[in-house]
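Notes for the one structure printed next.
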Number of protein chains: 2
Amino acid sequence: MGAAATRAQIVEAADRLFYRQGYEHTSFAAIAEAVRISRGNFYYHFKSKDDILSAVIDARLEDRRRMLQRWEAEEADPAGRIRRFVEIVVTNRADIQNYGCPVGTLTTELAKLGHPALDEASGLFTLFRTWLREQFTQLGHPAQADALAMHVLAFSQGVATLAHAFRDEDFIRREVQRMHDWLSAYSGGTRSTASAVPEDGAQADA
Amino acid sequence: MGAAATRAQIVEAADRLFYRQGYEHTSFAAIAEAVRISRGNFYYHFKSKDDILSAVIDARLEDRRRMLQRWEAEEADPAGRIRRFVEIVVTNRADIQNYGCPVGTLTTELAKLGHPALDEASGLFTLFRTWLREQFTQLGHPAQADALAMHVLAFSQGVATLAHAFRDEDFIRREVQRMHDWLSAYSGGTRSTASAVPEDGAQADA
DNA sequence: ATCCGTCTAGGACGAGTGTCCTAAAGCGGT
DNA sequence: ACCGCTTTAGGACACTCGTCCTAGACGGAT
């Protein structure tokens, strides 16, 4: 079949299963059945289960990087890009309600397992954090950028966790709307009424 | 030793280990070592591992119920009670940074395992949701009460997940402050400037 | 057709799991 | 001191797990 193709199929199946069932709960037998491959054959492509996990994380990192680049190409202003990020939870609402956030659930599990790949998985959070920070900087809030980025991340994690627990789609939409309202105060254009958003430098919070 | 005492010790140790290591990753041997009891002896007190999980969830439910009752006794107005809830993430910041939220991480894991006790564990979320809804109702926002309760829950889950991933205590405090600011708009007293909070009934959103 | 490096199948291995069984230790009442 | 119920210890059981080993199938180059 070609080693590269088989390897890619393994990573793809493992990615899906790790997401849906968790890393520890997913056995080699389950992945083997999904790819229609013998259990022993894994060790030609990977040297351990941890090695597969590492490949899965790398694949997710690459995938998300491409997604962010696409957004940068499609959305001219940083406000639109951030809105795009906020919309993730409604775009992926089906998967999120069924399985939660792929990033949050994986890092949480790896942390509890004391798994060495935790740092690697945290890189997914860092990727988003850095990207969001850059968008907020471009939006004119350099000093608060990191705090704002973390706030948006916290929003997405909170929504994902609860939408997962309650299977509530309306909740997702309500929270997204609330987030958009909050964002509009920071999006150069409107700046809405008077109060609300403090100028950067007014207080060094980040 | 007395069956009740032993049983309580098992539940206590299992609770701590399930929280720190996850349910599936915690073996009977680990609990046995913690309680200094033989593995076989478990089945005198519990008929399966699932049964222990069930007892742990019940214990957590009881514990949280008492906590909420205490808050109701100590805080006269509902605004103070909600603030008390928001403060959880800073009160328990050490555990949260190390192990995440006990409720969120458990329900997420059980969902991935397809474990039948998931509904029982979700009851913890429902407990908080119902209680918060009641506080917002008393605060004068009956129509939005459930949506506001869910928003507060999402806040706590988002903060817990990210504080866990990044081990960032400052982040916790920033987000708590942000939440208190948001809350002050809903706390009858100030109602702050002009805009912001829509009166209940202005739109039926919940 | 032959050969050789690439890729795969299948089973064996030891460790660890939850569960169950049986014997015995502990202990209060007589 | 004895009995009977409660509580415990320890090992056996079947099973699943990740890992490893070896033999053979496949396919392109000669």
Side-chain angles (χ1 to χ4, degrees), chain A residues 1-58 106 109-110 112-118 120-121, chain B residues 1-58 106 109-110 112-118 120-121:
Chain A
M1 175 184 295
T6 303
R7 194 189 144 96
Q9 282 191 4
I10 293 175
V11 171
E12 188 183 341
D15 191 342
R16 186 173 57 250
L17 288 171
F18 288 171
Y19 177 37
R20 300 190 174 189
Q21 314 184 358
Y23 170 69
E24 191 180 26
H25 191 58
T26 299
S27 68
F28 269 43
I31 308 178
E33 192 186 17
V35 191
R36 299 196 173 282
I37 258 185
S38 70
R39 252 184 13 264
N41 190 15
F42 277 103
Y43 287 81
Y44 179 78
H45 302 277
F46 300 92
K47 66 179 189 292
S48 70
K49 194 185 179 185
D50 293 1
D51 200 30
I52 297 185
L53 173 61
S54 196
V56 166
I57 295 175
D58 286 347
L106 181 63
E109 180 183 1
L110 294 183
K112 299 229 174 197
L113 299 184
H115 197 287
L118 171 60
E120 212 178 337
Chain B
M1 176 186 294
T6 303
R7 196 190 142 97
Q9 282 191 3
I10 293 176
V11 171
E12 188 183 341
D15 191 341
R16 186 173 57 249
L17 288 171
F18 289 171
Y19 177 38
R20 301 191 174 188
Q21 315 185 358
Y23 171 69
E24 191 180 27
H25 191 58
T26 299
S27 68
F28 269 44
I31 307 177
E33 191 186 17
V35 192
R36 299 195 174 282
I37 260 185
S38 70
R39 250 181 19 261
N41 189 14
F42 277 103
Y43 288 80
Y44 178 78
H45 302 278
F46 300 93
K47 66 178 188 295
S48 70
K49 195 184 178 186
D50 292 3
D51 200 29
I52 295 184
L53 174 60
S54 195
V56 166
I57 296 176
D58 285 347
L106 181 63
E109 179 183 1
L110 295 183
K112 301 230 174 196
L113 299 184
H115 197 286
L118 171 60
E120 212 178 337

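Each chain gets a letter, A, B and so on, in the order its sequence line appears, and its residues count up from 1.
A:Glu24 is listed as a side-chain neighbour of B:Glu24, based on a closest heavy-atom distance under 4.5 Å.
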Is there any protein nitrogen or oxygen under 3.5 Å from a nitrogen or oxygen in nucleotides 21-24 of chain C, and what are the pairs?
none

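Of the inter-residue distances, the one linking A:Ile57 atom CD1 with A:Leu110 atom CG reads 6.0 Å to the nearest 0.5 angstrom. With values rounded to the nearest 0.5 angstrom, B:Glu120 atom CD is found 10.0 Å from B:Leu106 atom CG. If you take CG on A:Leu53 and CG on A:Asp58, they are separated by 9.5 Å, rounding to the nearest 0.5 Å.
One interatomic measurement links the two molecules: CZ of A:Phe42 to P of D:dT19, which rounds to 11 Å at whole-angstrom precision.
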Worksheet entry | Residues A:Glu109, A:Phe18; criterion side chain to side chain contact (heavy atoms under 4.5 Å, CB included); working and verdict | CA-CA 10 Å; A:Glu109 180 183 1; A:Phe18 288 171; over 6 Å; no
Discussion item. Evaluate A:Phe46 against A:Arg7 for side chain to side chain contact (heavy atoms under 4.5 Å, CB included), listing each step before the verdict.
Written reply: CA-CA 8 Å; A:Phe46 300 92; A:Arg7 194 189 144 96; 3.4 Å; yes
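Annotation: side-chain contact (heavy atoms from CB on, under 4.5 Å) contacts of A:Ala13 (sequence neighbours excluded): A:Arg16, A:Ile31, A:Ala34, A:Val35. Residues passing the side chain to side chain donor-acceptor pair (under 3.5 Å) test with B:Gln21, sequence neighbours excluded: none.
Contacts between residues 45-53 of chain B and DNA chain C, defined by a heavy-atom separation below 4.0 Å, involve B:Ser48, B:Lys49, listed by number. Proximity of residues 24-37 of chain B to DNA chain D (heavy atom under 4.0 angstrom from any strand atom) is restricted to B:Ile37.
Using cut-offs of 30° and 60° for the angle between ring planes, the A:Tyr23 and A:His115 rings count as perpendicular.
Of all nucleotides listed (C:dG10, D:dT19, D:dT7), D:dT19 comes nearest to the side chain of A:Arg39.
Contact annotation: A:Thr6 does not reach the phosphate of C:dC7 (side-chain N/O to OP1 or OP2, under 4.0 Å). Between D:dT8 and B:Tyr44, no contact under 4.0 Å exists linking OP1 or OP2 to a side-chain N or O.
Screening residues 38-48 of chain A for side chain to side chain donor-acceptor pair (under 3.5 Å) gives no qualifying pairs among residues at least two apart or on separate chains.
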